[in-house]
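I have placed the structure first, in the form of structure tokens, so that the comments after it can refer back to it.
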Amino acid sequence: MIRHDVRVHPSSDRLPRGEQLAWKIAEVAVDPVEVLPEVVDMVINRVIDNAAVATASLLREPVVAARGQALAHPYRPGATVFGLPADERSSPEWAAWANGVAVRELDYHDTFLAADYSHPADNIPPVLAVAQHLAERRGLTGRDVVRAVATGYEVQVDLVRAISLHKHKIDHVAHLGPSAAAALGTLLGLPTETVFQAIGQALHTTTATRQSRKGEISSWKAYAPALAGKVAIEAVDRAVRGQAAPVPIYEGEDGVIAWMLDGPEAHYEVPLPAAGEAKRGILDTYTKEHSAEYQSQALIDLARRLHHERPELADPERVASIVIHTSHHTHYVIGSGANDPQKYDPTASRETLDHSIPYIVAVALQDGAWHHVRSYAPERKARPDTVALWQKITTAEDPEWTRRYHSTDPAEKAFGGRLEITLTDGSRVVEEIAVADAHPLGARPFAREQYVAKFRMLAEGVLDGAEVERFLDVAQRLPELSAAELGELTVVAPDGLLATVPVPEGIF
């Protein structure tokens with residue numbers, strides 16, 4: 001890896017293209033390096049994971065609305081939309097939009113955490129949509145999709161390692177716009193200059209505030225990364241047509257770093273693969289066993305274990321207080337340090353509660369399990385004993401957990417915490433967990449078997465058995481798929497299922 005020094009330059013410097021971060025990212029995108037076998041395997045896993053969580057969300061309101069918008073933009077050849085027949089296609093940017101919402105709606109797919117946050121599988125919907133649309137015209141195959149996805153992950157992971165957006169209240173999708181544009185550059189074999197311009201346009205148009213993940217969190221949390229994917233497709237389209245971006249987008253004296261991030265004196269060291277170096281970023285990412293914000297995954301596992309070992313901890317009459325000692329990010333983003341009263345509100349939205357670690361720990365302690373629907377049901381969150389326990393749970397930042405959160409050593413990096421529980425009789429229970437059970441270093445690491453099992457579990461009651469097997473066969477043959485077969489990388493709902501939820505009318 002090469003660590004690139006990135007800083008603000010005055011316009012009088014006339015910073016050469018080759019010294020700009022957007023150009024260096026574009027060079028990574030156009031590098032024809034082969035994809036490692038273990039990366040190919042993980043790309044397949046994440047394609048399956050995306051389809052699993054999208055399948056489970058097909059009838060949820062935000063997904064229905066987004067699918068309705070895609071339906072209003074039919075196109076040929078076009079791209080498939082999750083749930084619809086494979087020959088019922090939409091314009092690729094709208095297909096990426098609808099599929100991106102479906103993937104993100106349940107907050108249930110992969111994550112990478114470092115200086116900032118990310119869900120790098122958000123790169124997959126725009127890549128698949130453009131690949132399906134241009135497959136026959138450009139002769140694109142499954143191998144091209146794998147290479148593009150590897151680029152998307154690499155770029156997003158490397159940006160997340162180096163540049164904190166959330167510190168400046170910028171939503172994390174500002175790293176996704178450039179990564180998705182770079183991925184599309186790889187997919188289409190575009191020149192460096194074209195990819196450079198697309199990256200700049202995508203960054204410029206996907207930089208938004210972090211209010212989408214603060215306070216009263218709404219369905220926009222699912223839409224934000226879908227918009228980044230859609231905007232990236234449009235940026236690449238404009239760049240291919242010869243249209244340029246603001247330059248230099250990162251380093252300019254009125255650019256992103258100077259006015260939206262750490263300011264005119266800022267320096268970042270952004271790691272990117274050297275020419276000819278394999279893109280391994282996806283191997284540092286991790287998926288979710290539970291439908292909630294990633295920093296809650298390990299604590300759910302700990303709470304459900306305590307449910308069986310210490311059942312009295314589920315009784316609010318027995319518990320005086322529970323303090324979760326954890327990292328800065330966990331405390332301030334999903335903990336009491338956020339100072340969001342909505343995180344303790346039984347009437348709060350699902351999107352709010354999947355970002356409330358006090359709620360999540362209370363339910364996991366009482367149920368000994370976590371479910372993407374039942375754990376958020378209105379009757380579940382309003383249960384009096386749950387509310388009583390929930391109100392006794394707070395978080396506190398622990399410098400050691402913060403240090404481990406930011407560690408670059410995979411064996412030390414952790415996203416857990418320590419529960420300090422004081423009972424009403426004065427006794428105390430202290431337990432901690434570093435990583436989720438499904439983490440590569442956890443008790444039950446996810447491999448192909450677990451990804452397939454997650455897909456089968458979430459498809460149960462939604463897809464026909466034959467459709468489950470068809471999709472799994474196609475997905476696991478991804479590197480060998482022909483141009484004609486790329487259109488089969490979708491899930492098709494049984495007749496009549498989607499019609500059970502009316503599509504709201506809009507402008508289109």
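Keep in mind it's a predicted model, so treat the numbers as computed, not measured.
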Next item on the list: Return yes if some donor-acceptor pair links the side-chain N/O of R89 with the main-chain N/O of A86 below 3.5 Å, else return no.
Entry: yes
Next item on the list: Look up atom CG in N50 and atom CG in L128, then write down how far apart they are to the nearest 0.5 Å.
Entry: 8.5 Å
Check: Taking NZ, NE, NH1 and NH2 as the nitrogens, is one of them in E34 or R143 under 4.0 Å from a carboxylate oxygen of the other?
Finding: yes
Note to self: Tell me whether S57 contacts the main-chain N or O of R60 through its side chain, where contact means a donor paired with an acceptor under 3.5 Å.
What the structure shows: no
Next item on the list: In plain terms, say whether D107 and K288 are close enough for a salt bridge, that is, a side-chain N and a carboxylate O under 4.0 Å apart.
Entry: yes
Note to self: I'd like to know if the side chain of K413 reaches the main chain of R404, judged simply by a donor and an acceptor atom lying under 3.5 Å from each other, with no hydrogens or angles considered.
What the structure shows: no
Next item on the list: Determine, stepwise, if the pair S407 / E412 fulfils side chain to side chain donor-acceptor pair (under 3.5 Å).
Entry: CA-CA 6 Å; S407 174; E412 193 175 51; 3.1 Å; yes
Notebook entry, point to check: NE2 of H168 to CG of D262: how many Å apart, nearest 0.5 Å?
Noted result: 3.5 Å
Next item on the list: Could you tell me how the ring of H406 sits relative to the ring of H329: parallel (under 30°), tilted (30 to 60°) or perpendicular (over 60°)?
Entry: perpendicular
Item checked: E289 side chain near F446 side chain, heavy-atom distance below 4.5 Å -> yes
Notebook entry, point to check: How long is the gap from NZ on K24 to CZ on R17, to the nearest 0.5 Å?
Noted result: 13.5 Å
Notebook entry, point to check: Hey, are D473 and R477 close enough for a salt bridge, meaning a charged N less than 4.0 Å from a carboxylate O?
Noted result: yes
Item checked: Quiz item: cation-pi between K454 and Y108, 6.0 Å / 45° -> yes
Item checked: Spacing of I124 atom CD1 and N99 atom CG [to the nearest 0.5 Å] -> 11.5 Å
Notebook entry, point to check: How many angstroms lie between CD in Q197 and CZ in R238, if you round to the nearest 0.5 Å?
Noted result: 11.5 Å
Check: According to the interplanar angle, ranging from 0 to 90°, do the rings of W97 and W94 count as parallel (below 30°), tilted (30 to 60°) or perpendicular (above 60°)?
Finding: perpendicular
Next item on the list: Answer yes if the side chains of E19 and W23 hold a donor-acceptor pair under 3.5 Å, and no otherwise.
Entry: no
Notebook entry, point to check: If every non-hydrogen atom of P62 is compared with every non-hydrogen atom of E105, which pair is closest and at what distance?
Noted result: CG-OE1, 3.4 Å
Check: Are I163 and V6 close enough, and set up right, to give a side chain to side chain contact (heavy atoms under 4.5 Å, CB included), and what steps lead you there?
Finding: CA-CA 10 Å; I163 300 176; V6 181; 5.9 Å; no
Notebook entry, point to check: Just checking, any donor-acceptor pair under 3.5 angstrom between side chains of R46 and T285?
Noted result: yes
Note to self: Between H119 and A121 (side chain of the first, backbone of the second, donor and acceptor by atom type, cut-off under 3.5 Å), is there such a pair?
What the structure shows: no
Notebook entry, point to check: In chain order, what residues pass the side chain to side chain contact (heavy atoms under 4.5 Å, CB included) check against R137, with sequence neighbours excluded?
Noted result: H133, L134
Next item on the list: Answer yes when E460 and R456 have at least one side-chain N-carboxylate O distance shorter than 4.0 Å, and no when they do not.
Entry: no
Check: Should L58 and F82 count as side-chain neighbours, where that means a heavy-atom distance under 4.5 Å?
Finding: yes
Item checked: Side chain to side chain, Q211 and W220, heavy atoms closer than 4.5 Å -> no
Margin query: Regarding K221 and D354, does a basic nitrogen lie under 4.0 Å from an acidic carboxylate oxygen?
Written below: yes
Item checked: salt_bridge(R213, E293) N-O dist < 4.0 Å -> no
Note to self: Determine whether S11 and E253 satisfy the following criterion, side chain to side chain donor-acceptor pair (under 3.5 Å), listing intermediate values before the conclusion.
What the structure shows: CA-CA 7 Å; S11 297; E253 61 185 2; 3.0 Å; yes
Margin query: Evaluate D158 against R161 for salt bridge (charged side-chain N to carboxylate O under 4.0 Å, His left out), listing each step before the verdict.
Written below: CA-CA 5 Å; D158 292 340; R161 291 187 202 278; 3.4 Å; yes
Item checked: Neighbour count above 12 (heavy atom, 6.0 Å) for R76 CZ -> yes
Check: So how far is it from N45 CG to D110 CG, rounded to the nearest 0.5 Å?
Finding: 10.5 Å
Note to self: If you count every heavy atom of other residues, nucleotides or ligands that lies below 6.0 Å from E61 atom CD, does the total exceed 12?
What the structure shows: no
